[in-house]
Amino acid sequence: MSKRNITSELNGPQLEAVNTIEGPLLIIAGAGSGKTRVITCRIARMLEKGIPQHAILALTFTNKAAREMETRVKKLTGRKLQSLTVSTFHAFGLQIIRDEAELLGYRKNFSVYDETDRISLIKESLRECHMASAKVDLYALGRLFSNIKTGLAAWNGSGGKSGKAAAKPVVSADLKPVYEEYQHGLKVYNAVDFDDLLTIPLELFETNPEILGKYHHRYRYIMVDEFQDTSLIQYKLLRLLAGAGDAAAGREQGRTANVCVVGDDDQSIYSWRGANYENLLMFEKDFSGVKEIKLEQNYRSTSTILEAANGVISHNTSRKEKTLWSGTEGGKPIELFYPENESAEADFIASQIRHLMIMESFKYRDFGVLTRTNSLARNIEESFLSENIPYRVSGGTSFFQRKEIKDIISYLKLIANPDDDVSLLRIINTPRRGIGKTTIAALSDLARKNHSGIWDAVSRLNQARSGGQQGLFQDTKALTELEEFMALIETQRTEMLERKSQPGRPWALSQKVRSLVDRIDYWSYLVVEHGTEEKIARWKFGNIEYFIKMIENWERDPDNFDSGLYPWLNRISLITRDDGEEDGGDKVNLMTIHASKGLEFPAVFIAGAEQGLIPHERSIGDAENGEEGGSLEEERRLFYVAITRAREKLYITSCQKRRRLQNTADCAPSPFLGEIPEHLIEYHEPETTVDDEALAEDFFARIRAQFH
């Protein structure tokens with residue numbers, strides 16, 4: 001392995017970072033500046049210098065990032081890496097708990113509770129404390145317990161304060177017995193939760209100098225990626241492992257902390273889950289002799305996009321000064337469009353995607369469509385569906401994957417195809433009919449025995465009952481419910497597939513779907529499921545109404561020659577199906593801005609750049625209360641992250657009006673738009689129509705010109 005192989009493609013600051021192995025190092029890596037390349041080359045350089053694999057610890061934030069880092073090092077060095085530790089913080093904490101399980105009072109085969117297990121234990125803890133779980137938002141209570149455990153909140157009367165000066169939010173002490181019962185339950189069941197993967201190792205290190213010394217002695221070279229996203233607990237773990245301060249007992253006298261952290265304070269966007277970008281400042285204070293290297297050359301975006309990003313982020317005061325620059329000079333202007341409403345916004349995005357694919361040979365996967373919240377994606381999904389644009393949703397739930405929408409679609413699929421077992425099992429007891437797990441298990445056994453589907457098994461039970469035979473079990477109520485369920489589906493099938501209007505029966509598919517929703521009384525089901533949270537029930541039912549409206553719009557399309565049930569279901573399946581490819585196949589990427597971090601696309605659309613969305617109305621409220629330095633600056637960082645996802649083209653839309661719940665409100669453009677230098681912006685004029693024939697003719701004319 002030659003020196004040139006590792007460093008031949010590095011610029012000056014990157015090379016300096018790779019060659020700085022000893023001592024504390026802070027790498028400020030701007031967006032698109034090649035930080036992953038620097039980290040992997042740095043590990044390769046360590047191995048080249050004879051540092052043992054087991055002495056290196058590289059920590060990052062996702063399993064995907066850890067795998068990519070390890071794969072790159074293997075490719076660069078040509079070595080097997082059995083002893084190198086490349087891990088997420090939580091996976092590293094899990095390994096520590098496994099190694100020290102007996103000391104910690106756990107059996108070696110302890111469990112890590114997922115969210116479902118955790119909520120179940122919280123319900124049990126409430127019962128033990130004689131509190132009714134039906135009146136408690138279990139997920140909100142879970143978040144409170146998580147905040148208590150990680151130090152983001154405190155019990156009332158135990159040091160927390162209320163008001164503007166509050167260091168931590170306070171939680172009512174009435175809930176403390178439930179929390180203690182929950183913690184006791186974890187021990188009894190030999191289990192840990194996700195937060196424990198950090199808090200238990202930290203407590204272990206703080207109270208057992210010998211154990212800390214063992215890990216400190218092993219990991220003599222530590223690297224942390226995305227350092228601006230570390231929480232206070234993660235920083236404390238790093239500090240102890242690296243030997244900063246008096247707490248790291250057992251460390252060698254005179255040893256320098258060989259720790260490298262890589263991050264960008266301008267991309268710190270996760271304070272809501274405990275991330276603390278001020279860890280960058282604490283690192284400089286806690287580790288003496290820190291060397292700082294800035295990576296400011298961007299390899300991703302045009303200079304136009306970078307100048308826009310710099311213009312925005314320069315308005316933040318709590319940041320390290322840096323200016324990204326690009327070797328790719330110039331670039332297309334940033335296009336800003338003010339559509340009338342969210343429907344016009346979605347249509348603009350879809351039409352521009354089609355335009356760029358025809359005129360500039362873009363592929364679907366070249367587009368990233370970013371929104372501040374997942375709820376803004378609904379109209380965009382509808383427009384993509386209308387234009388037959390395949391897409392995938394990241395960082396949230398696709399409109400078609402929401403439970404209430406999947407329920408109704410499952411009814412339609414079962415009506416279209418009674419042999420669809422997946423759809424049948426989803427809705428056989430939704431809304432609740434008294435068809436329990438015992439009945440469903442018996443139906444599954446009967447289907448397996450007869451090598452048939454479950455619908456056939458239900459038919460056999462009904463036939464046996466009508467012939468005077470009770471069948472597989474004696475639950476007459478369940479048998480009656482099954483008979484009524486089958487009759488419902490068969491009746492709906494007759495009506496859904498009917499192509500001519502009958503007296504008293506609607507003909508349009510949208511009307512039939514609305515009739516189905518009323519027939520199964522889905523609204524009452526939502527009300528019962530969500531108890532006192534009627535607002536949630538209304539929101540979910542509003543999604544169903546929106547789904548029906550989508551069908552109406554599709555039916556009114558003059559180019560739609562068949563608006564029956566089968567074409568509609570096929571349309572949904574073709575557009576939203578999963579290709580099964582790891583990269584998602586050739587699809588437009590529709591995601592929240594948070595989910596886009598670390599990604600890049602040739603063309604990016606930022607939708608909903610309006611006051612109240614970007615920045616979010618919560619941060620505006622903080623600013624009015626004199627707290628601008630916090631969340632409003634984070635919102636600006638979020639907008640900066642969105643801008644820097646674009647490589648070649650950037651479109652930003654800001655609606656003049658937007659529908660919120662049942663009302664339509666006037667919208668003001670995001671104040672961040674005014675921070676983009678004016679000379680970089682081109683205002684997009686709305687187009688009345690996109691002439692497909694003209695676009696196609698122009699496309700083929702350009703192709704013909706290549707052969708003359």
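The basis for the numbers below is simple: all heavy atoms, side chains too, and nothing from hydrogens, waters or symmetry mates. In this text, all values refer to a predicted model and were calculated from it rather than measured experimentally.
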Out of R319, K322, K294, which residue meets the salt bridge (Lys or Arg N to Asp or Glu O under 4.0 Å) rule with D265? K322
Please check if any side-chain donor atom of D195 sits under 3.5 Å from a side-chain acceptor atom of S146, or the reverse. yes
Side-chain heavy atoms of L59 within contact of T230, under 4.5 Å: no
Is it the case that the side chains of R365 and N589 hold a donor-acceptor pair, with the cut-off being a distance below 3.5 Å and no angle test? no
Parallel under 30°, tilted from 30 to 60°, perpendicular over 60°: which one fits the rings of F92 and Y219? perpendicular
Salt-bridged, E682 to K332, with N to O below 4.0 Å? no
Residues T302 and T304: side-chain donor-acceptor under 3.5 angstrom: no
Give a yes or no on this: more than 12 heavy atoms of other residues, nucleotides or ligands lie within 6.0 Å of atom NZ of K236. no
Parallel, tilted or perpendicular: rings of Y235 and F287 (30°, 60°): perpendicular
Decide if atom CD of E284 counts as having more than 12 heavy atoms of other residues, nucleotides or ligands within a radius under 6.0 Å. yes
Can the positive tip of R37 be found less than 6.0 Å from the middle of the six-membered ring of Y299, inside 45° of the ring normal? yes
Nearest heavy-atom contact between A31 and R300 is CB-NH1, 4.0 Å
Look at the side chain of S33 and the backbone N and O of E296, then say whether any donor-acceptor pair between them is shorter than 3.5 Å. no
Distance-only polar pair, side chains of N258 and R220, donor-acceptor under 3.5 Å: no
Looking only at side-chain N and O atoms, does Y221 offer a donor or acceptor that is under 3.5 Å from a partner on E22? yes
Do F362 and F367 have ring centres separated by under 6.0 Å? yes
Distance col, row D266:CG vs R636:CZ, nearest 0.5 angstrom, shows 11.0 Å
Give a yes or no on whether the ring-centroid distance for Y683 and F337 is below 6.0 angstrom. no
Test item: T85 and H54 side chains (from C-beta on) under 4.5 Å apart, heavy atoms: no
Ignoring hydrogens and angles, state whether a donor on the side chain of Q267 or Y640 is under 3.5 Å from an acceptor on the partner side chain. no
Distance-only donor-acceptor check, side chains E345 and T653, under 3.5 Å: yes
Any side-chain donor near an acceptor of the partner, E16 and Q14, under 3.5 Å: no
Side-chain (R645) to main-chain (V641) donor-acceptor, under 3.5 angstrom: yes
Classify the angle between the aromatic ring planes of F605 and Y651 as parallel (below 30°), tilted (30 to 60°) or perpendicular (above 60°). parallel
Which class fits the ring pair H684 and F348: parallel under 30°, tilted 30 to 60°, perpendicular over 60°? perpendicular
Heavy-atom distance under 4.5 Å between the side chains of R42 and L25, does that happen here? yes
Do the side chains of V86 and V73 get nearer than 4.5 Å, heavy atoms only? no
Taking the side chain as everything from C-beta on, heavy atoms only, tell me whether C655 gets closer than 4.5 Å to P339. yes
Quick one: do K320 and D264 make a salt bridge, cutoff under 4.0 Å? no
Worked verdict on R372 versus E610 for salt bridge (charged side-chain N to carboxylate O under 4.0 Å, His left out): CA-CA 10 Å; R372 174 63 179 84; E610 298 141 27; over 6 Å; no
Run the side-chain hydrogen bond (donor to acceptor under 3.5 Å, both in side chains) test on E307 and H679 for me, step by step, so that the C-alpha distance in whole Å, both residues' side-chain angles and the decisive distance to 0.1 Å come before the verdict. CA-CA 10 Å; E307 189 179 347; H679 69 276; 3.0 Å; yes
Is any side-chain heavy atom of L590 closer than 4.5 Å to a side-chain heavy atom of E381? yes
Does R658 reach the side chain of L613, with side-chain heavy atoms less than 4.5 Å apart? yes
Please identify which of these residues, F61, F194, F227, meets the ring pair (Phe, Tyr, Trp, His ring centres under 6.0 Å) condition with F89. F61
Aromatic centroids of H216 and F205 separated by under 6.0 Å: no
